[in-house]
Amino acid sequence: MSSSVVTRFPPSPTGFLHIGGARTALFNWAFAKHHGGIMLLRIEDTDRGRSTKQAVDAIFEGLEWLGLDWSGEPVFQHRRAGRHVEIAEQLLREGAAYRCTCAPGDIEAMRQRARAAGRPQHYDGTCRNRPQSAAAGPYVVRFKAPQTGETVICDRVQGDVAIANEQLDDLVILRSDATPTYMLSVVVDDHDMGITHVIRGDDHMTNTARQILIYRALGWALPVFAHIPLIHGPDGAKLSKRHGALSLTAYRDMGFVPEAMRNYLARLGWSHGDDEIFSTEQFVRWFDLDGVGRSPARFDMARLENLNAHYLRCMDDRELLERLAAHLPVTDFATGWPSRLSLDLKQRLVAAMPALKERAKTLSDLARTLEFVFASRPLKLDDKAQTLLTADARAMLGETADKLERIEVWERAAIEAALRDLAAASGLKLGRIAQPLRAALTGTTVSPGIFDVLYILQRDEAIARIRDQTTA
RNA sequence: GCCCCGUUCGUCUAGUGGUCCAGGACGCCGCCCUCUCACGGCGGAAACAGGGGUUCGAGUCCCCUACGGGGUGCCA
């Protein structure tokens, strides 16, 4: 089994997990599953100052919600610092790295000079050939990168990409406080963890070239690289926190469902012919690097909403109600609602769910269509509802209430029959009765089907709401 | 500045030299259905960035330009 696939998802806990990171995780996860391998999770917290416990928890929470699991315990990169330093020292001993005592200000100056001269703005290698014994004062350890030739990245998505080595300067692998940097840590960890495939955003492209150099210096075998295009915001710029990117859990709280998010993310930068809607199982079966494109995709809320609506409509009614109930606590307009729905109400909602769910794009939408259920009498009517209730309409409401009172069993078919009967008897189109009724029952002119509204409300409450308007 | 990558309808994409006067999906528009809003059905507008090559033939291959993105850190 030594040849089986091992991928990893390596978020840095400096903020929440956003759509871009989630998609990278999804691809790594699907790729591993597709090939019968595993995905490992590594928390890249070598930047101690910016890493937080909250961010780590947020990442776990996001992955869990999306339904992505990993093998074994998460690896916290900073705990492996000893190992990283050991490798740095090995590199130092072998002459593949050196101590650099250049001051930050000097380095900044040489960057400016290089840029002005039309050269890549890099560290110029001042300490590279200085006798190491002469090193005094604080120092960083730099990797001694080849200065000529080129490094070719054989990428499963990007193809062969050649980067001239002069573009790659001697990067820092150990900071002046002796802690390892990202560039060293990833290489050592990917190697030690037995990673076979590195699937990451293409913003890592040049990093990969530098990392390949480190692999070579260490004599380690390279993993397979696959750089996937980034997800951009609606404006075309890279998705980032300060750019309005939202956390995965923010989408959860807006009422999106993980199966829809997975489907949506899967189709961003990857395709399988004309297939648009597919299960996660199907996705895993289909997913491979060949289907990944090379151009960035923009995040499109409308598309996500459409998929979410689809998954809501296909969902089992009981399951959907459970998810709705779980979602209510984070729904801002539902704060005054009962913390637990009564069993009786749940039963009615499940029965009405087929009609309710087809008008909702999100769980929040679904909750909103139920606002009328929890309104308290006498209802406050909005303007449009108000104008609907003319004297004639109120008179008709009285007749309607009378008719409804005579219904024997309060169920949807009987309610519908009664109302259609009433309409036919008075020679009116159903709408002439339904609209005023809707206004009286919900206080608005838009709601689920009127028969469902009546059914959900139950006879006593419905008739009371109607009478409120006839006597007003 | 230097380097890398990208560019098919508004958006996600199909397309791997002929089957493409470019297909699907979302969105948009119209009609139908209809108790409102939706759902659903039907129909419509909508794209190969530009210019040079290669070839009998190019959305598909090559070059240039433009535009977009990414990188260029003792961040990851």
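Each chain gets a letter, A, B and so on, in the order the sequences are listed, and its residues count up from 1.
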State, with a plain yes or no, whether a side-chain heavy atom of [X] is found less than 4.5 Å away from one of [Y].
{"X": "A:Ile199", "Y": "A:Val292", "result": "no"}
{"X": "A:Val152", "Y": "A:Val161", "result": "no"}
{"X": "A:Leu174", "Y": "A:His84", "result": "no"}
{"X": "A:Arg99", "Y": "A:Cys127", "result": "no"}
{"X": "A:Thr280", "Y": "A:Arg262", "result": "yes"}

Atom-to-atom span, [atom1] of [X] to [atom2] of [N] - whole angstrom:
{"X": "A:Glu108", "N": "B:C74", "atom1": "CD", "atom2": "P", "answer": "10 Å"}
{"X": "A:Gln211", "N": "B:G71", "atom1": "CD", "atom2": "C1'", "answer": "13 Å"}
{"X": "A:Leu168", "N": "B:G73", "atom1": "CG", "atom2": "P", "answer": "11 Å"}
{"X": "A:Gln121", "N": "B:G71", "atom1": "CD", "atom2": "C1'", "answer": "10 Å"}

[N] phosphate, OP1 or OP2, under 4.0 Å from [X] side-chain N/O:
{"X": "A:Thr46", "N": "B:A76", "value": "yes"}
{"X": "A:Arg359", "N": "B:U36", "value": "no"}
{"X": "A:Thr14", "N": "B:A76", "value": "no"}
{"X": "A:Arg42", "N": "B:A76", "value": "no"}

What's the closest nucleotide to the side chain of [X] if the choices are [options]?
{"X": "A:Arg420", "options": "B:C12, B:A76, B:C35", "value": "B:C35"}
{"X": "A:Arg298", "options": "B:A38, B:U36, B:C12", "value": "B:C12"}
{"X": "A:His204", "options": "B:A76, B:C74, B:C12", "value": "B:A76"}
{"X": "A:Arg210", "options": "B:C74, B:G70, B:U72", "value": "B:U72"}

Point to revise | Name of the residue among A:Asn207, A:Asp202, A:Thr208 meeting side-chain hydrogen bond (donor to acceptor under 3.5 Å, both in side chains) with A:His227 | key: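 Of the listed options, the one satisfying the test is A:Thr208.
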Practice item. Taking atom types as modelled, find out whether A:Ser447 and A:Arg438 have a side-chain donor-acceptor pair closer than 3.5 angstrom. Key: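 Judged by distance alone, the side chains do pair up.
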**Study point:** Whether A:Phe60 and A:Trp70 hold their rings parallel, tilted or perpendicular, with breakpoints at 30° and 60°
**Key:**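 Parallel.
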Review point. What is the ring orientation for A:Trp286 with A:His272, classed by angle as parallel under 30°, tilted 30 to 60°, or perpendicular over 60°?
Key: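 The arrangement is parallel - the two ring planes meet at less than 30°.
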I'd like a table of atom pairs between the protein and nucleotides 22-31 of chain B - only N or O on both sides, under 3.5 Å - with the distance next to each one.
| unit_1 | atom_1 | unit_2 | atom_2 | d |
| --- | --- | --- | --- | --- |
| B:G23 | N2 | A:Asp274 | OD1 | 2.7 |
| B:G24 | N2 | A:Glu276 | OE2 | 2.5 |
| B:G24 | N3 | A:Glu276 | OE2 | 3.4 |
| B:A25 | O2' | A:Arg303 | NH1 | 2.8 |
| B:A25 | O2' | A:Arg303 | NH2 | 3.4 |
| B:C26 | O4' | A:Arg303 | NH1 | 3.3 |
| B:C26 | O3' | A:Asn306 | ND2 | 3.1 |

Enumerate donor-acceptor pairs with a distance under 3.5 Å from any side-chain N or O in residues 415-428 of chain A to protein atoms, sequence neighbours excluded.
| unit_1 | atom_1 | unit_2 | atom_2 | d |
| --- | --- | --- | --- | --- |
| A:Glu416 | OE2 | A:Arg420 | NE | 2.8 |
| A:Glu416 | OE2 | A:Arg420 | NH2 | 3.1 |
| A:Asp421 | OD2 | A:Lys403 | NZ | 2.6 |
| A:Ser426 | OG | A:Leu422 | O | 2.6 |

Review point. Considering heavy-atom distances to RNA chain B, does A:Ile450 or A:Ala103 have its closest nucleotide positioned more toward the 5' end?
Key: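 Checking each residue's closest nucleotide, the 5'-ward one belongs to A:Ile450.
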**Study point:** Closest-nucleotide ordering on RNA chain B, the 5'-leading residue of A:Lys429 and A:Pro104
**Key:**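 Upstream on the strand: A:Lys429.
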Check your understanding: Considering residues at least two apart in sequence or located in another chain, which fulfil the side chain to side chain donor-acceptor pair (under 3.5 Å) criterion with A:Gln211?
Key ->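 Once residues adjacent in sequence are excluded, the partners of A:Gln211 under the side chain to side chain donor-acceptor pair (under 3.5 Å) criterion are A:Arg200.
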Review point. Given that both distances must come in under 3.5 Å, which nucleotide forms a Watson-Crick or G-U wobble pair with B:C2?
Key: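 Its partner is B:G71 (Watson-Crick or G-U wobble, both distances under 3.5 Å).
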Can you give me the N/O atom pairs linking the protein to nucleotides 40-49 of chain B at distances under 3.5 Å, or say none if there are none?
| unit_1 | atom_1 | unit_2 | atom_2 | d |
| --- | --- | --- | --- | --- |
| B:G40 | OP1 | A:Arg313 | NH1 | 3.3 |

**Study point:** B:C5 to B:U19 separation - C1' atoms, rounded to the nearest Å
**Key:**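 Each nucleotide's C1' atom is 33 Å from the other's.
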Check your understanding: If the C1' atom of B:C2 is compared with that of B:A22, how far apart are they to the nearest Å?
Key ->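 These two C1' atoms come out 39 Å apart once rounded.
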Review point. So, is the end of the A:Arg23 side chain (NZ or CZ) under 6.0 Å from the ring centre of A:Phe27 and within 45° of the ring's axis?
Key: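 Yes, cation above the ring, under 6.0 Å and within 45°.
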Practice item. Spell out protein contact along nucleotides 3-8 of chain B as letters: B when the base is contacted, S when just the sugar-phosphate is, - when no protein heavy atom is under 4.0 Å; keep the 5' to 3' order. Key: SSSSS-
Practice item. Just jot down the ring-ring contact (aromatic ring centres under 6.0 Å, His included) partners of A:Tyr98, sequence neighbours excluded, or say none. Key: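 A:Tyr98: no ring-ring contact (aromatic ring centres under 6.0 Å, His included) contacts found.
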Review point. Does a distance-only test, which skips hydrogens and angles, find a donor-acceptor pair under 3.5 Å between the side chain of A:Arg115 and the base of B:C2?
Key: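 Donor-acceptor pair under 3.5 Å: no.
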